[in-house]
Amino acid sequence: MSESRPEDAHAPLYSPRVVHDLLGRYGLRPTKSLGQNFLIDGNVLRLIVEAGGAAPGTDVYEVGPGLGVLTRELARSGARVTTLEKDERLRPVLEETLAGTDVRVIFGDALEFDWSSAPAGSLLIANLPYYISTAILTRVMRSGRFARATFLVQREVGERLIARPGGENYGFLSALVGFYGHAEIVRDVPKGAFYPAPDVTSAIVRLHLSGPGPEEGVLEVLEAALAHRRKTLRNNLIMAGYAAARVDTALRELELSPTVRGEALSLDQLVELARQLRNTP
Ligand SMILES: C[S@@+](CC[C@H](N)C(=O)[O-])C[C@H]1O[C@@H](n2cnc3c(N)ncnc32)[C@H](O)[C@@H]1O
């Protein structure tokens, strides 16, 4: 910690004053296209660390440390922390705010990261960049390496994560959660918990991941079946490249109406559909 540091050394990192001071000293402005909404609420910070289960001996992965607010708390918990940051401009800030911790900071795109390199039973704890929250969660679930994921995300994505088949918000992400475990909304978080405030309300969501995931080929069918909410399952599958005759045979075998929508199918029916399509010439 430099002696010339102007802000009150005792003020917590999440305090708006410290956040402004850090941004000012390093000549930075939050970048909207990178989803940079920094956490400035100590209660939300404590809640996410606690709900996430960071503790000595656990392996915690974070996407987007930003100024290091959450990262520093995670390190304090005694967990082994790996954090992935795309924005190189934050390198000197993180050198300052994470000084004295043994956090592994990797600069690069979290979408390019090899999530299967994480040890089995890892935890994801993050204030996610909202523009890629679905893509990150998909990768984390599919890696099969994570026991739990606790994160800040748009409330609307939280609703999709907890949705059940047939429900208004049910889609690909909901079905994916169904295959790997289940989700809960821990708490809604108002816009004012961030600087700058995002356009939407957020939520802390926790995913419990225990399932083995779907068998081979099911995810591809799932993606096709749920691609467009307003279209029938039949049309979605045909648009994804399945021959109409093949689709019709599979629907008949499963006793499904040609007008049924993909989001009305249970997970078991989706698995059966994938098997039928595989077995239908
Ligand atoms: C919502 S901010 C969270 C910052 C900090 N954890 C906090 O709570 O204040 C999202 C962070 O993700 C970073 N980010 C955006 N896209 C990324 C990507 N593709 N890979 C890794 N980090 C990314 C942003 O630069 C930013 O630091």
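We're numbering straight along the sequence, starting at 1. First listed ligand is number 1; within each ligand, the first listed atom is number 1.
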Return yes if some donor-acceptor pair links the side-chain N/O of Arg246 with the main-chain N/O of Leu277 below 3.5 Å, else return no. yes
Closest non-hydrogen atom pair between Val153 and Tyr130, with its separation: CA-CE2, 3.5 Å
Check residues 74-82 and write down every donor-acceptor pair under 3.5 Å in which the side-chain atom is one partner and the other belongs to a residue at least two apart or another chain.
unit_1	atom_1	unit_2	atom_2	d
Arg76	NH1	Glu73	OE2	2.9
Ser77	OG	Leu74	O	2.5
Ser77	OG	Ala79	N	3.3
Arg80	NE	Asp59	OD1	2.7
Arg80	NH2	Gly57	O	3.1
Arg80	NH2	Asp59	OD2	3.1
Thr82	OG1	Arg104	NE	3.2
Thr82	OG1	Arg104	NH2	3.1

Residue contacts for ligand 1, heavy atom to ligand atom, distance under 4.0 Å: Leu34, Gly35, Gln36, Asn37, Phe38, Leu39, Glu62, Gly64, Pro65, Gly66, Leu84, Glu85, Lys86, Asp87, Leu90, Gly108, Asp109, Ala110, Asn127, Leu128, Pro129, Tyr131, Ile132
Could you check Leu67, Leu13, Leu45 and say which one makes a side-chain contact (heavy atoms from CB on, under 4.5 Å) with Leu39? Leu45
Phe151 and side-chain contact (heavy atoms from CB on, under 4.5 Å): which single residue from Ile136, Leu207, Val140 fits? Leu207
Heavy-atom pair with the smallest gap, counting every atom of Ser133 and Leu128: CB-CD1, 4.0 Å
